[in-house]
Every structure is written in C-alpha cells, then in structure tokens.
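The structure under discussion appears below in the form of structure tokens.
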Amino acid sequence: MKLRIKFSKHGVLKFIGHLDVMRYFQKAIRRAGIDIAYSSGFSPHQVMSFAAPLGVGLESNGEYMDIEVNSLTSSQQVMDALNGQMADGIRVLEVKLLGDNSGNAMASVAAASYSIRFREGHRPQFLSAESLNDFCGQQEITVTKKTKRSEAVFDMKPYIYGLSLDEDGSTIHLTVDASSANNLKPSLVMKAYFEMNGSIPDDNALLITREETYLNIGNDIQPDFKPLGYIGSDY
Amino acid sequence: MRKLALSDEILMQVEKPARYIGNEINSVMKDASDVDIRFAMCFPDVYEIGMSHLGIQIIYDMLNRYEDTWCERVYSPWVDLDAVMRQKDIPLFALESQDPVRDFDFLGITIQYEMCYTNILQVIDLAKIPLIAADRTWEHPIVIGGGPCAYNPEPIADFFDIFYIGEGETQYRPLLDLYKECRRLGVSREEFLAKAAKLPGMYVPQMYEVRYNDDGTIASFSPKRGDIPAKVVKELVTDLTDTYYPEKPVVPFIKCTQDRVVLEIQRGCIRGCRFCQAGQIYRPVRERDVDMLKKYALKMLDSTGYEEITLSSLSSSDYSKLEELVNFLIDICHEKKVNISLPSLRIDAFSLDVMEKIQDIKKSSLTFAPEAGSQRLRDVINKGLTEEVILNGATMAFKGGWNRVKLYFMLGLPTETDNDIREIAELANKIAAAYYETVPKEERSGKVQIVASTSFFVPKPFTPFQWAPQCTKEEFLDKAYKTKKAIMEQLNQKSIKYNWHEADASVMEGIFARGDRKLCRPILEAYKKGCIFDAWGEYYKHDVWIETFNECGTDIGFYTTRERNADEIFPWDFIDCGVSREFLRCEWENAMNGNVTPNCKVKCSACGAAKFGCGVCVEERKSC
C-alpha cells in the first residue's frame, strides 16, 4: 500500500540538500515506527520515492514523497508519529493513501508553483505587473543555458504556465513545468526577466519558496493541474 | 526559529552549509539564561570527521545531563569558510546556540592525532581567544584539552589552560563545581587554575617549569609551587557499565565518516603490542556488561533511526561475551532491517560464520594485521599472530567463498632487516597460493585479490618503543621500495596489490608525538604562515613546515631519529598512566631479545595498571 506524504521545509533546513533530506526521512520513519516496506537483500532499503528535488537554498510548502507500507493505521496517526520526529523547520502536512494504480511521485510531477520575494534592498525598480506581462508576452523567452560541454539557447516560454505579482507588489507568483524532462528552475525565469530589463539578478537577491507541486489530470493540450495529493484519500 | 551566525549569502557560497547550522536530531537546546556554565566542545577537524567521534558524544551527553551546564559543539570551519570568517571578521560560534565561543566558560578540545595541532590554533584564533594561555583573562573561556594526544601535551602546552589526562567521565563535575565556586568568590583566573591543578587528572602547564640540558634533553620538570602535584595520574572509569553513555546520540543531516550507531563494548586492550599507545594508556581492559550493551543498542537505534550499528573497541574478539552480543544484534537487526558492520575481528570459525550472516561475501574482504612480515619481528613487537593462524584463517575463508584479503604491515619497526621486509611479500604470496590450492579452478570467480598496505612506524610515548629511533624519510621510502620490489618477485605477484603511506607526514607525526615544549613556537609560527588541516594531504604544506623548523632552530632528528638513553627524562614523564616506566623499559629489553609477553588474560605481567583496581586486573584468569 502506498502513502503520499506532503511536507514543508523552512528555516535552516533549506541548507539540507535533496539526498540528505531523503536520508533524514529514512531515519525519521524508523524513529516514528512507521511500518514501511523494505527491499530484500543484504542491505534492505525502504521503498520510498521523492517527487521533485528541491534546490539548496529554497524553502517549500509543497514537497511530496511516496512510501510503501505493510499495514495501515490512519492518516492522522502517521502524520502525528512523523511530526513527533521532525527537526525544527520541517513539518508533515498531509498523508494520503494512494490507489493501486497511481504512478510514482516523481513520474507524476507536471508542474510546480513558486512564490518569489526579494531580500531587503534587492527589489528591482523595474518590477511591476506590467513588466511581468510584457515579459510573458514576448514571442519567445530565451536564455543561454551553459552545460559542461556547450552553450545552448533555450526558449522557456512553453514551460511557463503562470506569472503574476500580488497586490502589494512584494511577491511574484510563478507556475512552471516541473516534470523530470522539462523542469524549469524559477531562478532561470528570473534571470531572463532581469535580462529583459537590462539587469542581472544578484545570486542572493531572491527568496524562493515552492508553494505546491502538481500532477496533470487533464492532457497536454488542456492541462488541469492538481496538487500531487489530489489523487489520494484520507484513511 | 534560531538565528544563524552566518548569513544566507555566506552559507550559499560555502561547501556543505549543513556543517554550520546545527539543529540536528538529538542536539541539545537549552535556554542560556537557565544555565551557569556554557561549554563549547570542539573536535578540531571538519564536521564530518568530528561528528564521527564517540568520545565527544559521550561527554556532550554527560555535560548536558547537568542542569547547570549547556554543552554545545564546535568543529573546524573548512578552508572555504575559514577564509570568509577572517575576511569578514566573524567570530567562531557554537552550533547549537550559534553564539560566539569567546563568550563561553569553557572551550574543550579533543586531541585525537598530532596532525591537528594547527587546527587547534585555528579554532582558538577564530574564536578570538589569545593563542597563548598566559595572555588570557577572565574575559576568555578556559581552554581545556583531552584525548590521546594529551598523554604528551608538551608540544602544545602553551596554548592550553588545562589538559585533562584520561577519561572524561570522572572529573568534569568537580572541575565545573570548582569553576563556579571560584567565579562566585571572584578569585583570579590564575588562582582558579592553581586549584584546578590539584584535581585528579588535571595538568596546568603554566604551573610547571622545564629546564633543559645543553643537548636539549630535559634536566628537570617540576611544579612552580609546592602545593601543585609533581605527577598527574590519569583518570579512568572503573565501572564501564554503571556510567554515562548516550542514549540519544546526535544524528547529523549530512553523511559523516561514522554514520551509524556506535556501541563501545570495552576500553583498553589485553594484547600489549609494543608499538601501540592505546594498548598501554587505556589499561586495564574494562568490559561493559553485555545486558547494558543490548539495552543501549535498542535505545540508540530507536532514538536515532540509524540503519546501521557497529561495535567499537581496540580488539573486539577479546570481548568475553562477543558471541552472545553479536547473536543478539543479528536477531534484532534482522527484525529492524538494520545493517551490522563489525570491526575487524580475528578470523576464525565464529567470525566467518557471523560475516556470512551479515554481509555479502562477494563484496566483503578479510582483514589481517600481522604488522610485521616475519615471525621474528612479530615477536619483537609482541604481535601474537602467527603465519599458521593467518593461513588457516584465510584457507577457511576461501572455502567459504571469500576471495579478497587485506593485509596491514608497518615498516621501520625496531630491529627490522631486509629479510623481514621480504617476508611481507612472501606472506602475501603464501596467502595467494593458499587460495589457488584451496579453491578448485571451476569454483574460482577470478583471481584472489590481496591488498598489502604498509604504514611507517612512529614511536609513541608510553610504549616500550618510546626509546626507539624513528627512520628518516629516505629510510622509509627505501623500505617501501624494497617491499614493492619483493612483491614483484613473487610467483603470485599479479594477485597482490601494494599500497604505502606518505613518508613526510609520518616524520612530522614523529616530531610531535615525542615532542617537548620547545615545539610550541614552530607550531605557532607554521600556523601563522597558513598551515591548517595538516592531516589533509592536499592542504599539508611540507615546505612551510621545514622552513619554519629551520627558522626556529628546531633539529628534526633530535625528536625523531635520536635513540633515547634509558634514563632520559621524557616530556611526558610527569604523567602516570598506570603502566610504569620500569615495565615499559623491561618490555623494550624483551623486544630486543625477541621475548613475547603473554596477554593480560593469560598472565599478569605487573605493568602497574592493577593499582586502579578494576577490569581484567581484578578478574579471575582463565587460560585463553
């Protein structure tokens, strides 16, 4: 039986990388006494899969992982047991039971939404709802992506699903493709936006929080994004 | 949410920021205003190394059980952060509260190896504490050192207020009480240190005066005041079952060198190998009760969630209830899906059976540490491992499916000849031959793989070899070359791989190991020239060290290659570790004559440790 667990990651935990978060949860699950399933062999491993890796330095309100369990108690019991074992900065938000045919967390990811704020003194002058509209209205939105071997010009426009500024002008809301094939980093979108305005973002100017991770219950042409936990149920 | 000492900007630019944020599971948070004593406990190396150290976990747990004390952890900032902290003038902080170490009452530093000496200076310096103890005031923490290198603290004597000689469990409470009392009464720092020097196990270098002969050896070593003891007796825990041990060790976020539950089954070693310092200074052997170990194994696995557990001791095969303990662990680990990693056990039917149960034979290897190639030299070093035992063990293992063997040797041992070196190669060859004789062709999965490694022998204080000359770098490298050549000449040379250590670091380790107070200056100067992380090959600046020794007029040979006279006063002679100098000298004679001394369980050889009245010294002996 598969459980989908949603958690948040804040504060100093943002400095803990993806692999270490996995190792952290492996231990937390043991401490919490969750009846997780193990692989066989000399070094049994917990059957566990994480949705979308979160970069170091980012916070999140919408992280997901799936675990396989041997027996069921209740959503509340698992949530309480895990929250009894969390370090300061990380909280389990929901636990859902998945149907037998649900795809795994990582393969299911289609999109993610982010809120982007600016560190004090780093909010750019040009930031406005209009300039964000202009940014999105371009024919194509290109940046040069550097890899180890080459440089390639990349058009990110098809992968931006939403970009807006909230009313007080402090926070940018961004929804982008987060699938394993086309994952678009919010910092790359901001780089393009700054470049369009003849500027370069300071590495430490942005405070980025992943707000939610989505799957697509529509199709490629007419996507319908729902939080990853949508397909599960309380039990 | 705690406020971090480092800004996000800095944390994002350094490697592994998790080293500096604290907040780990089972780390202890207290309200600073609720405690009387702030204690910063430091392992002067990078976080992943320091967090792997059991001793700090024990003391951290013990001190935090005291209601009036908050013990926090400090590690060496890695070179990237070190540069940022100096550039931006950020003072060194403790992980839990993120408060500057300078404001603490104590800075405790565990000294596990000689090559960390400049890192000690780095930590004190970054904390903005004067490097020289005599320059400190009540504005600064009491800097106290401990650990194995405190058994010869002289090369770093100037930098410490106090050295704690021996095991940490016993004297911290009296020391903290004395500190509180002295602060309450408003006595001077110097007076506090004088009082501390009278506590068992405490050595306050400033209270002692050293005079030298013209040849640089020590003429006299004595307390400056009549009320300060001339000898410091090491501290030890007489009952290792009824004592402190962490039930909830701190669990790091990032992968550390020792990333598992560590169960210390006993302290000390019965074997008495003559090159081994740990085998002497931790005498007598004291076992922990097997039921206590079972209880703690369960508690620690439950409180940490670790997926692996290991045993710690100098020679686990000598633990009397090993079989019972290991079988218990196999059962609970199977149930909890936890891996067991066993330290190198003596290879016999029992250990092979256990290894077969807990690990994949294809991926594991056998380890033997003969330390010397010939039986003659093994008798000199009192290593009671014979060729017959090695070949029998290896043959048994080959039958069981193993085909990888690791062999550990030392080069440069006293009395070593070219013949002893050749026998290293011959032993490796005999093991390879045993494989081809034991395992029929059709059952072999490729060649047998034998890895022979040699390290260079460094004479250590409180060992029978403390009088021995150490080899020069050139002699070391010549010996490694001869070993390699001898291996190349073996019939099965294609099955044998040979590794050897760097010689420069061994010479440096030798200087510090038997060094005296005169070395404080070159160590300080080398640090000022940028030497830190000397234990890390890529940061070790050999040329800078040699240049510094030259500038300070330090004669390297005085510390390394010189043969000491029988009656020379050693810098560490003021310490009484239980084992007497007479016993060590007698063992030196035995070594020169190739006489073997039986282990403590077979026969008491009157080393002197019996005066502590505990452990193997008071147990009934049965032959083994």
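The structure displayed is predicted, hence computed values, not measured ones. Lettering follows sequence order; numbering is per chain, from 1.
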- Applying side chain to side chain contact (heavy atoms under 4.5 Å, CB included), run through B/Ile25 and A/Met86 and close with a yes or a no. CA-CA 8 Å; B/Ile25 295 295; A/Met86 291 296 108; over 6 Å; no
- Task: Test B/Leu11 against A/Val12 for side chain to side chain contact (heavy atoms under 4.5 Å, CB included), laying out the working first.
- Result: CA-CA 10 Å; B/Leu11 285 165; A/Val12 303; over 6 Å; no
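Under a cut-off of 6.0 angstrom, the local environment of NE2 in A/His18 is crowded, with over 12 non-hydrogen atoms contributed by other residues, nucleotides or ligands. Heavy atoms of other residues, nucleotides or ligands lying less than 6.0 angstrom from NZ of B/Lys30 number more than 12. The local environment of NZ in A/Lys185 is sparse, with at most 12 non-hydrogen atoms from other residues, nucleotides or ligands closer than 6.0 Å. More than 12 heavy-atom neighbours from other residues, nucleotides or ligands sit within 6.0 angstrom of CG on A/Asp168.
The contact between B/Asp259 and chain A is made entirely by side chain atoms (from C-beta outward), counting heavy-atom distances below 4.5 Å. For A/Asn204, the part sitting under 4.5 Å from any heavy atom of chain B is the side chain, from C-beta outward, and nothing else. Only the backbone of B/Ile358 comes within contact range of chain A, judged by heavy atoms closer than 4.5 Å. For a residue to count as touching a neighbouring chain, one of its non-hydrogen atoms must lie under 4.5 Å from one of that chain's; by this rule B/Leu4 touches chain A with the side chain only. With a 4.5 Å cut-off on non-hydrogen atoms, B/Lys357 touches chain A through its backbone but not through its side chain. For B/Ser7, no part lies near chain A; criterion is any non-hydrogen pair under 4.5 Å.
Atom CD1 in B/Ile21 sits 6.5 Å away from atom CG in A/Leu13 (nearest 0.5 Å). Interatomic distance, A/Phe15 CZ to B/Arg19 CZ, rounded to the nearest 0.5 Å: 14.5 Å. Summarising the geometry, atom NZ belonging to A/Lys27 is positioned 4.5 Å from atom CD belonging to B/Glu307; distances are rounded to the nearest 0.5 Å. With rounding to the nearest 0.5 Å, the separation of CD1 in A/Ile16 from CD in B/Glu24 is 8.0 Å.
Here the closest non-hydrogen pair linking A/Val56 and B/Met12 is O-CE, 3.3 Å. Shown here for B/Asn23 and A/Asp88, the closest heavy-atom pair between the two residues is ND2-O, 2.9 Å. Here the shortest heavy-atom pairing between A/Arg31 and B/Thr304 reads NH1-O, 2.9 Å. Nearest heavy atoms, A/Ala87 versus B/Phe253: CB-CZ, 3.9 Å. The nearest pair of heavy atoms linking A/Arg23 to B/Pro252 is NH2-O, 4.4 Å. Counting all heavy atoms, side chain and backbone alike, A/Arg30 lies closest to B/Val338 at NH1-CG2, 3.5 Å.
By number of non-hydrogen pairs under 4.5 angstrom with chain B, the leading residue of A/Gln85, A/Lys14, A/His45 is A/Lys14.
Between A/Tyr24 and B/Val251 there is no side-chain heavy-atom pair separated by less than 4.5 Å.
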